[in-house]
Number of protein chains: 2
Amino acid sequence: MTAPTGRRERKKAATRQKIADTALRLFLERGYEAVGIRDVAAEADVAVTTLFAHFPSKEALVFGQDQDFERRLTQAVTDRAPGEPLIPALRREVRALVGHCTGEGAAPVWRMIDASQTLLDYEKAMRLRHAESLAAAIAADLGLPPDTTACRTVARFVIDAYSLAREAADPETALDEIFRMIEAAWAVARPSGDPAGTTAP
Amino acid sequence: MTAPTGRRERKKAATRQKIADTALRLFLERGYEAVGIRDVAAEADVAVTTLFAHFPSKEALVFGQDQDFERRLTQAVTDRAPGEPLIPALRREVRALVGHCTGEGAAPVWRMIDASQTLLDYEKAMRLRHAESLAAAIAADLGLPPDTTACRTVARFVIDAYSLAREAADPETALDEIFRMIEAAWAVARPSGDPAGTTAP
DNA sequence: TTCCGAAAAGCTAACCGGTAGTGTTACGGT
DNA sequence: ACCGTAACACTACCGGTTAGCTTTTCGGAA
């Protein structure tokens with residue numbers, strides 16, 4: 001059990017990948033709601049229980065590969081250049097994340113997601129969970145208790161920015177406007193001191 | 001079909017009320033997850049299909065009576081005293097709504113809700129839908145197109161304020177802080193002109 | 001008053017996402 | 001060579017939700 005580096009892990013990863021790929025293909029072909037779990041399992045040639053051993057829910061088949069989001073946001077806080085102000089760093093990362101969705105070959109997937117209320121709700125709930133991590137990261141970065149109101153608030157606002165920009169007709173402009181608002185909100189929220197510049201370039 | 005004013009309507013309302021009351025009682029007695037739809041239907045002496053004719057989902061049995069929320073927020077915008085600035089009006093209403101949850105005899109219900117991830121997720125999704133109505137009301141009040149970014153953004157922020165304050169240890173203080181942030185955000189967001197004062201008393 | 005149409009409520013039977021319980025296989029480490 | 005365990009499979013089941021169809025109940029026109 002010390003270093004399980006071998007065929008077993010590869011097989012497991014392969015099964016997981018096959019399930020995810022099959023699911024996404026079927027969902028795109030026939031629509032998310034029109035495809036049942038049993039369809040996916042059969043097409044991927046695994047048992048239903050196996051599918052649920054890899055993914056906790058049907059929705060996770062779509063969003064499962066997306067642990068990045070949370071990590072990238074928290075890293076945007078923790079790994080930013082020393083002395084760089086917080087909000088612009090987040091702004092840059094959110095811009096990248098939004099661009100990653102709206103552009104590229106991801107369009108059909110997002111069209112599918114936008115067509116399913118179930119998936120949209122799941123995504124929003126997920127993002128709210130991400131907001132809690134982000135709030136914790138921000139609080140830690142400032143040496144504050146993790147449930148500080150200002151940090152939790154600004155984290156929510158940042159998640160809102162992502163969500164709203166993704167829906168906007170012109171994501172870039174929307175993002176600019178929303179982050180101007182967040183910047184102002186953060187400026188008056190700062191609990192104590194001014195450790196890292198309030199103004200944006 | 002011209003003026004259906006009679007016993008039929010009363011009976012329907014009574015059935016709905018009986019279902020809601022029964023459901024809430026059972027949920028409080030045994031816990032939300034521990035009570036099945038079939039239990040509620042049997043105890044209310046109606047068929048399962050009848051139950052679903054009145055409520056679109058199990059969660060709606062808990063939140064169904066809560067159309068107020070949306071209405072009160074939008075009315076806080078539309079019915080405010082002429083010349084009264086927007087944000088303080090919303091602040092007052094949100095404060096009242098939060099107080100309505102944290103205080104009063106509503107405590108057991110909210111303890112039940114907080115104990116169920118399903119209900120919490122449902123509530124958040126519902127609030128996000130409310131944010132859209134609020135955004136529309138704000139935009140209309142300012143004579144702007146309903147999908148204006150600034151309006152949608154501030155509406156989200158207001159919903160966040162409600163949500164965060166409800167979770168906070170000290171809701172009053174949290175609300176003060178969050179609304180200071182919203183006030184600042186709104187001040188820099190205003191698209192064109194200044195039809196109704198930026199500053200709060 | 002009587003009868004008709006429609007709304008409300010009911011019953012049956014299922015669908016679908018998800019889980020429990022119980023093996024069975026195949027791999028990794030000893 | 002062998003044992004422990006992780007991955008997978010199979011069956012049966014649960015709980016929320018819906019479809020299809022019948023029965024009851026009321027409102028209003030004839």
Please tabulate, for side-chain N and O atoms in residues 152-160 of chain B, each donor-acceptor pair with protein atoms closer than 3.5 Å (sequence neighbours left out).
| from | atom 1 | to | atom 2 | distance (Å) |
| --- | --- | --- | --- | --- |
| B:R152 | NH2 | A:E167 | OE1 | 2.4 |
| B:T153 | OG1 | B:T149 | O | 2.7 |
| B:R156 | NH1 | A:S163 | OG | 3.3 |
| B:R156 | NH2 | A:S163 | OG | 3.0 |

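Side-chain N or O atoms of B:T50 include none that pairs as donor or acceptor with a backbone N or O of B:V46 at under 3.5 Å.
In summary, B:E43 and B:R25 engage in a salt bridge, as defined by a charged side-chain N under 4.0 Å from a carboxylate O. Under a 4.0 Å N-O distance rule, the pair B:R92/B:E84 qualifies as a salt bridge. In this structure, B:D68 pairs ionically with B:R71, as a charged nitrogen and a carboxylate oxygen lie closer than 4.0 Å.
No side-chain heavy atom of A:L134 sits less than 4.5 Å from a side-chain heavy atom of A:H130.
Taking 4.0 angstrom as the limit, B:K11 places a side-chain polar atom (N or O) nearer than this to OP1 or OP2 of D:dC26. At the phosphate of D:dC8, OP1 or OP2 sits under 4.0 Å from a side-chain N or O atom of A:H54.
Regarding B:E9, its CD atom lies at a distance of 9 Å from the P atom of D:dG27, rounded to whole Å.
Near-neighbour residues of DNA chain C inside residues 12-27 of chain B, defined by a heavy atom below 4.0 Å, number-ordered: B:K12, B:T15.
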### Summary
Counting primed atoms, P, OP1 and OP2 as sugar-phosphate and everything else as base, the B/S/- map of nucleotides 9-21 of chain D against protein heavy atoms under 4.0 Å is BBB---SBBBB--
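No hydrogens or angles considered: a donor-acceptor pair under 3.5 Å links the side chains of B:E33 and B:S116.
Residues B:Y162 and B:F69 place their aromatic rings such that the two centres sit under 6.0 Å apart.
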